[in-house]
Amino acid sequence: MSQKPSIPRGTRDFSPVEMLRRNYIFDTVRRTFSLYGYLPLETPAMENLTTLLGKYGEEGDRLLFRILNSGNFLAGIPPSVLSGTDTQAVSQLICEKGLRYDLTVPFARYVVQHRDEITFPFRRYQIQPVWRADKPQKGRYREFFQCDVDVIGSDSLLNEFELVRIIDRVFRELNIRVIIKVNNRKILAGIAEMAGAGDRITDITVTIDKLDKIGQEGVREELTQRGIAPEVIARLEPVIKLSGPALSKLEELKSVLSSSVTGLKGVSEMEELFGYLEALGKIKTDIELDLSLARGLNYYTGAIFEVKAKDIDFGSICGGGRYDDLTGVFGLKDMSGVGVSFGADRIYDVMFQLNLFPESLMASTKVMFTNFGRYEATYCLNAIRNLREKGISAELYPDAAKLKKQFDYANKRNIQFVVIAGESEMQNRQFAVKNMTSGEQETIPFANLTEYLLGKIDQK
RNA sequence: GUGGUUGUAGCUCAGUUGGUUAGAGCGCCAGAUUGUGGAUCUGGAGGUCGCCGGUUCGAACCCGGUCUUCCACCCCA
């Protein structure tokens, strides 16, 4: 009895073609991270739930994949709990581990645990999958890869500045036109404070974050629904609607938020960041100070970032921000960090739809030798060794199949050159080299093959 | 988690009011061409109609459940 195989909902297999394209993204990202002096780090797929819970808000806790304890996980659990309806209580008793939800919290955990071996400020990058028990949709998976860059142990706004440069570079290299949106949690706190609802920041920010989507009217409605007083809403609106260049927005905010120490701090932080960008920037990517940007993760305390593709709507493909006290809950105070996360899977989707992957990715083998049998194959293998030594990827068709079949194979694999060595070629110590794009075929002496192909093959 | 949607050949999809052997295009395999691919022609293989159950003399079609896909909300990379 065989069962139809399948994989869990929201997960995917990646075929060789897909992996070549994914690696293209990972390589680009990794190269940039490393260029900016960040060091690689990996942490386990699973963490203790105590590490994970309570870091992502109520919604985040719900979306955590929990791992059932091993062994007799029901031992010692009161039957009254098991028969009840409080699944939360049950899961707490039978699960002590969970799959990581992002890379930032495990990073904070790592920093606290290894503080004595780390040289601060610590710059690390981490490219690994994360898991969320979300309902899958387009661009939303239950297992997806994040590419995180963070620097921890430095308050300097220069870090924010460099992250913007990294974002700019990565997306320029990938050829994706994006817009970087920036805001600051302290400004948001100041705005809420100024409006007379400092204790309702979460409700306010979560709602105005949807401005783009549901419009002013929608925001007003939802704020009312969340129990925000009309006069508060009235005071909020003009601020959110501020327009113009970042620096002029900030200028206006200074007077609006004059009564809020926190708010002013946020404004000056943003002034510093945009100051660097003006002075040293030369960044081609559009950067916008978007006062409606909030971001859900509730550990952010300063700058927040979000990147969207301009030519297609796929939600945010990169996001992050500054967190002043993520390590605090693990017992390490005064350790501010800032970082962003590139969503590899969404970047893939964007690039795929916009056709941005280079054709050349598909051609791994540059030269294929046809196979006429054992005797001829040996002749070819000698040449192949020479090619490989010169860095030209080459392969021999493994079976002495019909030539049509061998050519078909080369065609489908996008192999640029096919080398034919049969009886007549061997007699003259030659090869017939066929260019599969032009269809031209030349006869080359055995000794000249490597040189000939080196000259013909498009580098890169 | 709430509401909706989708599932037929490897892929994209037809399939009448429930009625014998479920179709097409593309792809695949073979041949036309026993050392030359992308074109053409000929032939061929390939389907528990997502899965389980129910209604019926009879189900791809109707009903229920379940899984999957996509969408909205929620939230987010």
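What you see below is based on every heavy atom in this structure, not just the backbone, and it leaves out hydrogens, waters and symmetry mates. Quick caveat: nothing in here was measured; it's all calculated off a predicted structure. Each chain gets a letter, A, B and so on, in the order the sequences are listed, and its residues count up from 1.
- Figure legend: cation-pi geometry between A:R165 and A:Y36 absent, as NZ or CZ is not positioned both under 6.0 Å from the six-membered ring centre and within 45° of its axis.
- Whole-Å rounding puts the A:D345 CG to B:C76 C1' distance at 13 Å.
- Contact of A:E425 with B:G35 (side chain to base): a donor-acceptor pair of N or O atoms is detected under 3.5 Å.
- As rounded to whole Å, 10 Å separates atom P of B:G35 from atom CD of A:Q406.
- For B:A30, neither phosphate oxygen OP1 nor OP2 lies less than 4.0 angstrom from any side-chain nitrogen or oxygen of A:K402.
- One interatomic measurement links the two molecules: CD of A:E306 to P of B:A77, which rounds to 8 Å at whole-angstrom precision.
- Residue A:K404 has its side chain nearest to B:G37 when only B:C75, B:A30, B:G37 are considered.
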Quiz prompt | Derivation of the ring pair (Phe, Tyr, Trp, His ring centres under 6.0 Å) call for A:F171 and A:F342 | solution = CA-CA 10 Å; A:F171 288 113; A:F342 293 78; 5.5 Å; yes

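- The separation of B:A22 from B:C13, taken at their P atoms, amounts to 23 Å, rounded to a whole angstrom.
- Counting any heavy atom pair closer than 4.0 Å across all strands shown, A:G422 reaches a base atom.
- In this structure, the side chain of A:D290 does not engage the main chain of A:V182 through any donor-acceptor pair within 3.5 Å.
- Residue-level contact check: A:Y141 touches the bases, meaning some heavy atom is under 4.0 Å from a base atom.
- Among the atoms of the strands shown, base atoms are found under 4.0 Å from some heavy atom of A:T437.
- Not a single donor-acceptor contact under 3.5 angstrom links the side-chain atoms of A:D408 to the base of B:G37.
- In this structure, B:G46 makes no Watson-Crick or G-U wobble pair, since no nucleotide meets both defining distances under 3.5 angstrom.
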Self-check item: Test log, rule ring pair (Phe, Tyr, Trp, His ring centres under 6.0 Å), inputs A:Y348 and A:F357
Solution: CA-CA 9 Å; A:Y348 181 101; A:F357 288 107; 5.3 Å; yes

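- Nucleic acid contact class of A:K434 (heavy atoms, under 4.0 Å, all strands): base.
- Atom CZ of A:F314 and atom P of B:A77 are 16 Å apart (whole Å).
- Checked against B:C76, B:G37, B:C71, the side chain of A:M436 finds its nearest nucleotide in B:G37.
- Within the 4.0 angstrom heavy-atom criterion, no nucleotide atom of any strand lies near A:G57.
- One C1' atom belongs to B:C67, the other to B:G38, and the distance between them is 41 Å to the nearest Å.
- Contact annotation for A:C147: no contact, since no heavy-atom pair falls under 4.0 Å across all strands.
- Counting heavy-atom neighbours within 6.0 Å of A:E423 CD, excluding the residue itself, gives a total of 12 or less.
- Taking only side-chain atoms of A:F144, from C-beta outward, the nucleotide of B:A72, B:C75, B:A77 with the closest atom is B:A77.
- Within the nucleic acid shown, A:R226 comes within 4.0 Å of sugar-phosphate atoms alone, with no base atom in reach, counting heavy atoms only.
- The interatomic distance linking A:Y409 (OH) with B:G38 (C1') rounds to 17 Å, in whole Å.
- Cation-pi contact between A:R30 and A:Y125: absent, since separation from the ring centre below 6.0 Å together with deviation from the ring axis within 45° is not met.
- Residue A:L63 contributes atom CG, which lies 14 Å from atom P of B:C74 at whole-angstrom precision.
- Remark: the separation of the P atoms in B:U5 and B:C28 is 38 Å, to the nearest Å.
- Along RNA chain B, the nucleotide closest to A:T11 and the one closest to A:A344 are compared, and the more 5′ of them pairs with A:T11.
- In terms of polar N and O atoms assigned as donor or acceptor, the side chain of A:S424 comes within less than 3.5 Å of the base of B:G35 in a complementary pairing.
- The side chain of A:R9 places an N or O atom within less than 4.0 Å of a non-bridging phosphate oxygen (OP1 or OP2) of B:U69.
- The nucleotide B:A60 finds no pairing partner, because no Watson-Crick or G-U wobble arrangement with both distances shorter than 3.5 Å includes it.
- Across B:C70 and B:G53, the matching C1' atoms stand 26 Å from one another, rounded to whole Å.
- If you check every strand for non-hydrogen atoms under 4.0 Å, A:E59 touches a base.
- For A:F14, the CZ atom counts as densely surrounded, since its 6.0 Å shell holds more than 12 non-hydrogen atoms of other residues, nucleotides or ligands.
- At the phosphate of B:G1, neither OP1 nor OP2 sits under 4.0 Å from any side-chain N or O atom of A:R62.
- Shown here, B:G35 forms no base pair; nothing in the strands shown gives a Watson-Crick or G-U wobble contact with both key distances under 3.5 Å.
- Distance check on atom P: B:U20 versus B:U66 gives 32 Å, rounded to whole Å.
- Contact of A:R346 with B:C76 (side chain to base): a donor-acceptor pair of N or O atoms is detected under 3.5 Å.
- The partner of B:G3 is B:C71, judged by Watson-Crick or G-U wobble contacts that both fall below 3.5 Å.
- Side chain of A:Q137, nearest nucleotide from B:A77, B:C73, B:C75: B:C73.
- Test A:F417, A:Y397, A:F431 against A:F369 for ring-ring contact (aromatic ring centres under 6.0 Å, His included) and you get one pass: A:F431.
- Residue A:K210 places at least one side-chain N or O under 4.0 Å from the OP1 or OP2 atom of B:C74.
- Side chains of A:T437 and A:Q416: no donor on one and acceptor on the other come within 3.5 Å.
- Within the structure, every side-chain polar atom (N or O) of A:K135 is placed at least 4.0 Å from both OP1 and OP2 of B:C71.
- Residue A:I317 is in sugar-phosphate contact alone, with no base atom involved, counting any heavy-atom pair closer than 4.0 Å across all strands shown.
- B:A30 sits 45 Å from B:C71 when the C1' atoms are compared, rounded to a whole Å.
- Nucleotides B:A77 and B:U6 are separated by 25 Å at their C1' atoms, to the nearest Å.
- Using a 4.0 Å heavy-atom cutoff across all strands shown, A:G320 reaches no nucleic acid atom at all.
- To the nearest angstrom, C1' of B:A77 lies 10 Å from OH of A:Y101.
- Taking the six-membered ring where the residue is Trp, the centroids of A:F446 and A:Y379 are separated by under 6.0 Å.
- As rounded to the nearest Å, B:G31 and B:G37 have P atoms that lie 13 Å from one another.
- For A:G439 and A:D134, each mapped to the nucleotide of RNA chain B holding its nearest heavy atom, the one lying further toward the 5' end belongs to A:G439.
- Taking atom OH of A:Y299 as the reference point, atom P of B:C75 lies 17 Å away to the nearest angstrom.
- Pair check for B:G18 finds none; no Watson-Crick or G-U wobble contact set falls under 3.5 Å.
- When both pairing distances are held under 3.5 Å, B:A9 makes no Watson-Crick or G-U pair with any nucleotide shown.
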